[in-house]
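Values below: all heavy atoms of this structure, side chains included; hydrogens, waters and symmetry mates excluded. Please read all numbers here as calculations on a predicted model, not as lab measurements.
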Amino acid sequence: MGIPIPEITLNDGVTIPVVGLGTYTLKGCQGADAIQSAIDERGYRLIDSAYNYENEGTVGEAVRRSSVSREELKITSKLPGRYQEYKKAVITIEESLYRANLDYYDLYLIHWPNPKQDNYLEAWQALIDAKKKGLIRSIGVCNFLPEHLERLHRETGVMPSINQIELHPLFNQEQQRKWHKVNNVTTQSWSPLARANEVLQNSTLQQIAEKHNKSISQVILRWHYQLGAISIPKSSSPERQFENISIFDFTLDEADMNLILGLNQTDGRINNQDPAIYEEF
């Protein structure tokens, strides 16, 4: 059941859907129900989690309850900053799998570079080795700036398959996206709908939505898709989950795309989390 979602191929040959389900705050039985219904009833196949969300077990439970085979799903988790030293990272990846009761993750990411700690290179080596062991299918990062990505590639010869970054109409990350494209790194968007209350009142977005007879959320998520970015909107509502993937039956024209790009703000970050200095553990 549900809507078939297009897939893209990452630089390591792994394919993943262009829209996934964010699971931040989805926990316990209610969270497992919401995730399972997203999979079984709406057609989601990419599920995004993290060690720091404290819900890897919930995601694993939803996967077990689901009528969809594990092989059809793409499950993501992320390494927290406090475990970036090599030995800690290796154990944490294993612990992530134990928590979810999974044999492997399809995608595992370093959550933040935490450059002042300067352990992200060790963490990256741990992900490389975990992939060699078959614990992870594809390895990537979140919130890495070009200089961080260049260092990973220079030191290990392995470029991340994905960089999950803050990306939404108020902060469109034009330069970072260009760097990704040149270097064959797929862009993934966290908080793709930005400050929902603010963008959902935006007159420019309202006009575009009315033009296409779609909701503002659908217009924004279609914008991500046409930028070549994978979005992972979070919702526990069945109606909203369906709405968020009902974006493949219309196209934004160049004028629409440019109007949305024009909403960019210099200080558009939601919580001022600049990866050059921000750290999360």
Side-chain angles (χ1 to χ4, degrees), residues 19-20 22-25 48 50 52-53 78 80-81 84 109-118 120 140-152 160 162-183 185-209 214-235 240 244 247 252 254-281:
V19 179
T23 66
Y24 180 65
T25 75
D48 181 84
N52 272 352
Y53 298 172
K78 309 181 190 81
Q84 285 190 359
L109 314 174
I110 300 174
H111 210 153
W112 284 87
N114 289 12
K116 285 184 285 187
Q117 307 301 314
D118 197 26
Y120 66 83
V141 296
C142 307
N143 306 299
F144 274 49
L145 298 173
E147 57 262 36
H148 305 140
L149 294 164
E150 287 168 352
R151 184 182 177 203
L152 294 183
I162 271 180
N163 189 15
Q164 186 184 117
I165 57 175
E166 179 177 357
L167 200 169
H168 45 75
L170 304 180
F171 193 66
N172 68 40
Q173 295 267 33
E174 182 179 7
Q175 294 306 313
Q176 182 88 34
R177 286 188 290 106
K178 284 181 178 177
W179 192 96
H180 287 171
K181 187 172 184 178
V182 168
N183 292 278
V185 175
T186 297
T187 301
Q188 192 171 40
S189 313
W190 62 259
S191 287
L193 301 175
R195 309 178 187 101
N197 292 337
E198 182 175 343
V199 297
L200 296 181
Q201 303 301 319
N202 183 278
S203 60
T204 298
L205 292 171
Q206 285 178 338
Q207 290 170 9
I208 297 172
K214 292 289 182 179
S215 71
I216 289 178
S217 295
Q218 288 172 317
V219 165
I220 294 173
L221 294 172
R222 178 72 194 190
W223 173 76
H224 284 275
Y225 173 56
Q226 289 184 214
L227 287 178
I230 298 167
S231 57
I232 43 171
K234 177 186 73 71
S235 180
R240 187 61 57 78
N244 287 345
I247 62 169
L252 299 173
E254 187 176 357
D256 297 330
M257 294 293 290
N258 288 334
L259 283 170
I260 299 172
L261 288 169
L263 299 175
N264 187 62
Q265 300 173 2
T266 305
D267 59 348
R269 292 187 190 276
I270 296 172
N271 292 312
N272 197 31
Q273 294 171 318
D274 181 353
I277 53 175
Y278 177 81
E279 298 193 301
E280 185 175 295
F281 297 97

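With sequence neighbours left out, Tyr53 forms a side chain to side chain donor-acceptor pair (under 3.5 Å) with Lys78. Checked against salt bridge (charged side-chain N to carboxylate O under 4.0 Å, His left out), Glu198 has the following partners two or more places apart in sequence or in another chain: Arg195. Partners of Gln207 under the side chain to side chain donor-acceptor pair (under 3.5 Å) rule, at least two apart in sequence or in another chain, do not exist in this structure. Residues satisfying the ring-ring contact (aromatic ring centres under 6.0 Å, His included) test with His180, not counting sequence neighbours, are none. Residues meeting the ring-ring contact (aromatic ring centres under 6.0 Å, His included) test with Phe281, sequence neighbours left out: none. Every residue was checked against the side chain to side chain donor-acceptor pair (under 3.5 Å) condition with His111, not counting sequence neighbours, and none meets it. Judged as a side-chain contact (heavy atoms from CB on, under 4.5 Å), and not counting sequence neighbours, the contacts of Thr204 are Asn202, Ile208, Leu259, Leu263. Scored by the salt bridge (charged side-chain N to carboxylate O under 4.0 Å, His left out) test, Lys178 finds Glu174 as partners (sequence neighbours excluded). For Gln117, the side chain to side chain donor-acceptor pair (under 3.5 Å) partners at least two apart in sequence or on another chain are Glu279. Considering only residues two or more places apart in sequence or on other chains, Asp118 meets the salt bridge (charged side-chain N to carboxylate O under 4.0 Å, His left out) condition with Arg151. The salt bridge (charged side-chain N to carboxylate O under 4.0 Å, His left out) check on Lys214 picks up Asp249, with sequence neighbours excluded.
Here the CG atom belonging to Leu227 is positioned 4.0 Å from the CE atom belonging to Met257, to the nearest 0.5 angstrom. Note that SG of Cys142 is 9.0 Å distant from CD1 of Ile110, once rounded to the nearest 0.5 Å. Distance CG/Leu205 to CG/Asp256: 10.5 Å, rounded to 0.5 Å. Separation of atoms NZ (Lys116) and CD1 (Ile277) is listed at 7.0 Å; rounding is to 0.5 Å. The CD atom of Gln173 sits 13.0 Å away from atom CH2 of Trp179, with the distance rounded to the nearest 0.5 Å. Atom-to-atom distance recorded for Ile247:CD1 and Ser215:OG is 10.0 Å, nearest 0.5 angstrom.
Contact of the Val141 side chain with the Pro113 side chain is not registered, since no non-hydrogen atoms from C-beta on lie closer than 4.5 Å. Counting heavy atoms from C-beta on, the side chains of Leu167 and Gln176 never come closer than 4.5 Å. Contact check for Tyr225 versus Val19: no side-chain heavy atoms found under the 4.5 Å cut-off. Taking 4.5 Å as the limit, every side-chain heavy atom of His168 sits out of range of all side-chain heavy atoms of Val199. Between Ile232 and Thr23 there is no side-chain heavy-atom pair separated by less than 4.5 Å.
In plain terms, the two heavy atoms of Leu152 and Pro160 that are nearest each other are CD1-CG, 3.8 Å. In terms of heavy atoms, Ile220 sits closest to Pro192 at CG2-O, 3.3 Å. Of all heavy-atom pairs between Val219 and Ala209, the closest is CG2-CA, 3.6 Å. For Gln164 against Leu109, the heavy-atom pair with the smallest separation is NE2-CD1, 3.6 Å.
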For a quick test of your reading: what N or O donor-acceptor pairs under 3.5 Å do the side chains of residues 266-276 make, sequence neighbours left out?
from	atom 1	to	atom 2	distance (Å)
Arg269	NH1	Gln273	O	3.4
Gln273	NE2	Tyr278	OH	3.1
Asp274	OD1	Ala276	N	3.0

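Between Phe144 and His148, the ring planes lie perpendicular to each other; the angle is over 60°, past the 30° to 60° tilted range.
Under the 3.5 Å distance criterion, with hydrogens and angles disregarded, a donor-acceptor pair is assigned to the side chains of Gln226 and Arg222. Glu280 and Asn143 share no donor-acceptor pair across their side chains, judged by distance under 3.5 Å alone.
Other residues, nucleotides and ligands contribute only 12 or fewer heavy atoms inside 6.0 Å of the CD atom of Glu254.
Asn172 places a side-chain N or O within 3.5 Å of a backbone atom of Leu261 that can act as its donor or acceptor partner.
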Working for side chain to side chain contact (heavy atoms under 4.5 Å, CB included), residues Ile216 and Leu193: CA-CA 9 Å; Ile216 289 178; Leu193 301 175; over 6 Å; no
